[in-house]
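Notes for the one structure printed next.
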Amino acid sequence: MSTGIFGLLAAPSHDQFHRWQGRSGQWWITTVFPLFSSHITGASVYVMVRRDDTGRAHPLYIGQTSDTARRMEEHLHDKVLQAIRLGGNELHVHLLAKTEAERFAIETDLRNGHNAPLNRQNSAAVFGGLFGLGANYQNQQHQKSLLGQFVG
């Protein structure tokens, strides 16, 4: 059994699937993985999620990609660390979209239906407000040292 924060982030969810409703009213089925999942191959629409103590899922970031493993690796130094700071612990992946246009439409539907804080540009939730922007460099240095604990 893993201990510490990495153990929490790598722990399997109790639910294998989760349904997200978009602004259109359409429901989208996702497979639930730990937040640090880099083995997922293929194209997807994905949601970085904070699952709270009551079992409720809160979307933190919604995106789409042609290569999920590559995109998660690209996000490791920014969106994943920001998600961790907001309590992120799961990655929900929709794998049923057949084309880039379909993935983009699903991502847009989900983003318009949910207030995911990491999708907002220069969000106060992410950067600590206007006056917190100057401290962003310090946060980046802290993130690098935090990341070293996970991968090093």
Side-chain angles (χ1 to χ4, degrees), residues 1-24 26-123 125-127 136 139-152:
M1 178 175 184
S2 296
T3 59
I5 191 168
F6 187 73
L8 292 173
L9 296 172
S13 169
H14 292 70
D15 299 318
Q16 184 179 2
F17 301 103
H18 185 86
R19 294 183 325 143
W20 292 96
Q21 187 174 28
R23 181 173 212 136
S24 69
Q26 175 73 36
W27 289 91
W28 305 103
I29 186 81
T30 59
T31 305
V32 178
F33 295 96
L35 183 58
F36 281 102
S37 295
S38 60
H39 66 281
I40 305 162
T41 59
S44 74
V45 177
Y46 58 92
V47 184
M48 293 181 194
V49 175
R50 176 179 65 85
R51 173 104 39 195
D52 67 22
D53 293 337
T54 67
R56 185 167 179 228
H58 304 271
L60 301 174
Y61 182 77
I62 300 166
Q64 66 85 26
T65 182
S66 61
D67 184 339
T68 306
R70 175 192 50 79
R71 191 67 179 132
M72 290 304 104
E73 187 172 318
E74 291 170 355
H75 278 318
L76 190 58
H77 296 288
D78 60 10
K79 296 296 184 199
V80 171
L81 289 175
Q82 291 171 16
I84 290 169
R85 282 191 287 172
L86 295 175
N89 51 11
E90 293 180 351
L91 181 66
H92 294 199
V93 182
H94 177 78
L95 299 164
L96 301 175
K98 293 181 174 72
T99 66
E100 182 178 15
E102 189 177 355
R103 286 193 319 271
F104 183 74
I106 294 167
E107 175 197 18
T108 301
D109 188 33
L110 290 172
R111 286 180 65 177
N112 288 334
H114 298 277
N115 189 18
L118 298 179
N119 284 108
R120 297 189 302 256
Q121 296 296 319
N122 296 328
S123 166
V126 177
F127 296 110
N136 192 31
N139 287 340
Q140 289 172 351
Q141 299 307 310
H142 176 72
Q143 288 172 358
K144 288 178 184 175
S145 66
L146 181 62
L147 180 63
Q149 294 174 17
F150 295 128
V151 296

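The shown structure was predicted, so the numbers you read here are calculated from the model rather than taken from an experiment.
Annotation: salt bridge (Lys or Arg N to Asp or Glu O under 4.0 Å) contacts involving residues 92-107, sequence neighbours excluded, comprise E107-R111.
A side-chain donor-acceptor contact under 3.5 Å links T65 to the backbone of D67. No donor-acceptor distance shorter than 3.5 angstrom exists from the side chain of S44 to the backbone of L95, with no hydrogens or angles considered.
Looking at heavy atoms from C-beta onward, F17 lies in side-chain contact with T31 at the 4.5 angstrom threshold. At a threshold of 4.5 Å between non-hydrogen side-chain atoms, the residues D52 and H58 count as touching. Considering only heavy atoms from C-beta on, L60 stays 4.5 Å or farther from K79 through its side chain. In this structure the side chain of L110 reaches within 4.5 angstrom of the side chain of W28, judged on heavy atoms. Contact of the L91 side chain with the M48 side chain is registered, since non-hydrogen atoms from C-beta on lie closer than 4.5 Å. Within the 4.5 Å cutoff, the side chain of V32 has no heavy atoms near those of the Q16 side chain.
Within 6.0 Å of CZ in R23 there are 12 or fewer heavy atoms belonging to other residues, nucleotides or ligands.
In terms of the ring pair (Phe, Tyr, Trp, His ring centres under 6.0 Å) criterion, residue partners of H75 (sequence neighbours excluded) are, by chain and number, Y46, Y61. Considering only residues two or more places apart in sequence or on other chains, W20 meets the ring pair (Phe, Tyr, Trp, His ring centres under 6.0 Å) condition with H18, H92, H114.
Separating the CD atom in Q64 from the OG1 atom in T108 is a distance of 8.5 Å, to the nearest 0.5 Å. Between the CG atom in L35 and the CD1 atom in I84 there is a gap of 6.0 Å [rounded to 0.5 Å].
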Open item on the list: The test is side chain to side chain contact (heavy atoms under 4.5 Å, CB included); show your working for I106 and D109 and say whether it passes.
Closed with: CA-CA 5 Å; I106 294 167; D109 188 33; 5.6 Å; no
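A salt bridge links R71 to E74: at least one charged side-chain nitrogen sits closer than 4.0 Å to a carboxylate oxygen.
Between P117 and L86, the shortest heavy-atom contact is CG-CD1, 4.0 Å. Across every non-hydrogen atom of A43 and T68, the tightest pair is C-OG1, 3.9 Å.
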